[in-house]
Undergrad: 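Quick one: this structure, given as structure tokens, is what I'll be asking you about.
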Protein chains: 2
Amino acid sequence: MTNEDKPRRPTISDVAAAAGVSVKTVSRVINNAPSVRPEVTERVLAAIGELGFRRNHIASSLRSGQATATIGLIIEDLANPFYSALAAAVGRYARERGTHLITASSEESPELERRLFLELCQRRVDGLIIVPAGGDHSYMRPELEMNTQVVFLDRPPAGILADSVLIDNAGGTRAGVEALLGRGHRRIGVISDSTTIYTARERLAGVRAALAGAGVPYDDALVRTDVAHPDQAAAAATAMMRGGDPPTAFFCGNNRITVGVLAALGRLDGDHDARGDTRGDTDVDLLGFDDFELADLMPRPLTVIAYDVGELGRTAAARLFDRIGGDRSWPAETVLPTRLVRRGPRRPAS
Amino acid sequence: MTNEDKPRRPTISDVAAAAGVSVKTVSRVINNAPSVRPEVTERVLAAIGELGFRRNHIASSLRSGQATATIGLIIEDLANPFYSALAAAVGRYARERGTHLITASSEESPELERRLFLELCQRRVDGLIIVPAGGDHSYMRPELEMNTQVVFLDRPPAGILADSVLIDNAGGTRAGVEALLGRGHRRIGVISDSTTIYTARERLAGVRAALAGAGVPYDDALVRTDVAHPDQAAAAATAMMRGGDPPTAFFCGNNRITVGVLAALGRLDGDHDARGDTRGDTDVDLLGFDDFELADLMPRPLTVIAYDVGELGRTAAARLFDRIGGDRSWPAETVLPTRLVRRGPRRPAS
DNA sequence: CGGGGTGTTGACAACGATGTCATTCGGACC
DNA sequence: GGTCCGAATGACATCGTTGTCAACACCCCG
């Protein structure tokens, strides 16, 4: 039996003993420091290989002060494709710079956001990217003053000054709704997430701006907010369609709402079919914020307000790495553009 | 000017000085140790608040030996909904236990998988969950012997003994294909990911078993492997449909392939429509491994081999936490069941 | 009134690595 | 031949925290 069952990891000093040199020399070899004789280097490397030594990154980053080569990402919900796409983009950017990523979901809870933020600071991450849930980030100030870098993503900070990377929510929505208006729609159902969320407010502002520009009144009966789940969106759309004077088009405030409304309209169509009606609702026009992978496979045409999610994540990551690298310029707000994209089944060329 | 611009974080000893106690007493207060007089506790807490002290988790976990309260997750691609759902489930489970999660994507590269694994070990994560890309994990052995816990997820380990949590790939596929056969299909197109991937091999084995059971020959012309992208799947399906004696049904080896094939069939339908044909391909039956959120909104009916992704992630996480908690029982393979689910548009009740 | 808790506190070492500085040893140079 | 210089190496302190152990005060009991 030559195998050893010691559960203890070899340390730099075990290696030093095995190689017959000092710990400092081992440290030098590990860090590719100059001025170590090739012969000694070789002996140390041999010992490292034999013992299966791996440098303790924890101890290393403690001693050297900063640079844990780790960043944190706080998002709302990793299971949402929008956020997982963001996380993937940030993770890839970090990876290319030898940095690891701790991802955490705040589930739209300001309290959890705060806890996660502070916990990640305790881990001395080099910086954080955060899609904030809360409406006040002054609690971050002490950490910012102590050299923790933070970039806000998709939603701006409140109560502190920090970099943010956003998309043109209001402008994109306005353009989309104007397109609906241009197609003759005058009754547009609006289904939105909670207005406590920045992006929802901005998008609603875009709706109002477009309506005002066309002189179309804003009808509260056609606006539903606080919709957090596709099922709620479906219910809201169904209710509007069954009401008197139903909308001829919908604006859906995000991808989950779009999906819910699509499902609801599909069911309404199905009911009509079952009753032998013509597909009466097929001409309901749909505008949704956020593109999604399967949009082209949806059973009806829709317009989406699209933007490059990967770009959004990369831009935030790039900003953060600039900061970590020592950039101390005045915090900036970056706004990425959106564009309208027609999705859904290809119409047969008639 | 009373504010201080020192970028240095206060340490436990700054707090001790401010409160007029020893560092050890501060440590006791931080850790809720008993036997500190309430009055002293209060003084220390006041000092902590005033200085904005936060315990350095790095130093703490270095001193106390183990327990970084961090686990690692290595998956193929966070942008894929399957993996992000896994990551979300694992992250939530970890969060509930006060543990953070470092997620990394190996992009199906065994070499990258290995690098990520070793890097995470250097960070002294308490354990790792890995969806392996490689076919040999003996490189992990030294780490395992040094008390790093590893659970394999979705694919089993090779070359070492470790826990794994899988789904019933072969059985689920067999059941699905048998259902197709039961509906009379004899020519079933099979589109699969690379057979270097365990799950792809297992699923193909399920296909063969079902065919063999029904006495239907396995026709190589109807099998396409190494499909890594929806577009490739679409191309493969299109080619088969355009060939002589096209399949009357497809088995799609994963969600991305299903999406590609759906898109291809949709385009073929569209072409027929454009030429004034009837929707000639509508009766092509579709079976796909993996459920996906928008399956019900797909333009045609399909059957999916579904399983609970959240459960998969939670089960692996639970196993890992058991191990971290000290469970040293013999490694086990857990296989979760699948079920067939009919998806797609609701047919009008006729 | 002394012995033996119990409760509170602090001095010191240690975790595993790296920065600082000193030491040693050749060889180049005057 | 002595001096100086740089390369190679090691002793030791240090990062921020916690474990160990000792010191001290106080109280209960016999």
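Numbers restart at 1 for each chain; the letters A, B, ... are given by sequence-line order, proteins then strands. Keep in mind that this is a model prediction, so the values were computed, not measured.
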Undergrad: List for me each residue that meets ring pair (Phe, Tyr, Trp, His ring centres under 6.0 Å) alongside B:Phe152, sequence neighbours excluded, and say none if there are none.
TA: B:His137
Undergrad: Which residues satisfy the salt bridge (Lys or Arg N to Asp or Glu O under 4.0 Å) test with B:Arg95, sequence neighbours excluded?
TA: A:Glu119
Undergrad: Within the 3.5 Å criterion, strictly below it, is a donor on B:Ser105 or B:Asp77 matched to an acceptor on the partner's side chain?
TA: no
Undergrad: Do side-chain atoms of B:Arg328 reach the backbone of B:Arg323 as a donor and acceptor pair under 3.5 angstrom?
TA: yes
Undergrad: Can you tabulate the close N/O pairs, meaning under 3.5 Å, that link protein atoms to atoms of nucleotides 16-18 of chain D?
TA:
from   : atom 1 : to      : atom 2 : distance (Å)
D:dT17 : OP1    : B:Asn56 : N      : 2.8
D:dT17 : OP2    : B:Ile12 : N      : 2.5
D:dT18 : OP1    : B:Asn31 : OD1    : 3.4
D:dT18 : OP1    : B:Asn31 : ND2    : 3.3
D:dT18 : OP1    : B:Arg55 : NE     : 3.2
D:dT18 : OP2    : B:Ser27 : OG     : 3.0
D:dT18 : OP2    : B:Asn31 : ND2    : 3.3
D:dT18 : O2     : B:Arg63 : NE     : 2.9
D:dT18 : O2     : B:Arg63 : NH2    : 3.4

Undergrad: Are more than 12 heavy atoms from other residues, nucleotides or ligands located less than 6.0 Å from atom CD of A:Glu50?
TA: no
Undergrad: Applying ring pair (Phe, Tyr, Trp, His ring centres under 6.0 Å), name anything that partners B:Tyr93, two or more places apart in sequence or on another chain.
TA: B:Phe321
Undergrad: Are B:Arg9 and A:Thr148 close enough that a side-chain donor and a side-chain acceptor fall under 3.5 Å?
TA: yes
Undergrad: Under 4.0 Å: is that the gap between some side-chain N or O of A:Ser22 and OP1 or OP2 of D:dT9?
TA: no
Undergrad: At the 4.0 Å heavy-atom cut-off to chain B, mark where contacts on DNA chain C begin and end, going 5' to 3'.
TA: C:dT8 to C:dG16
Undergrad: Starting at CZ of B:Arg37 and ending at P of D:dC24, how long is that distance when rounded to a whole Å?
TA: 17 Å
Undergrad: Indicate whether any N or O donor in one side chain lies under 3.5 Å from an N or O acceptor in the other, for B:Ser22 and B:Thr25.
TA: yes
Undergrad: Could you state the atom-to-atom distance from CZ of A:Arg43 to C1' of D:dA8 in whole Å?
TA: 12 Å
Undergrad: Give me the atom names and distance for the closest heavy-atom approach of A:Phe53 to A:Ile12.
TA: CE1-N, 3.4 Å
Undergrad: Without hydrogens or angle criteria, can the side chains of B:Asn56 and A:Arg123 be said to hold a donor-acceptor pair below 3.5 Å?
TA: no
Undergrad: Quantified as the angle between the terminal helix axes (five pairs each), what is the overall bend of the helix from C:dC1-D:dG30 to C:dC30-D:dG1 to 10 degrees?
TA: 50°
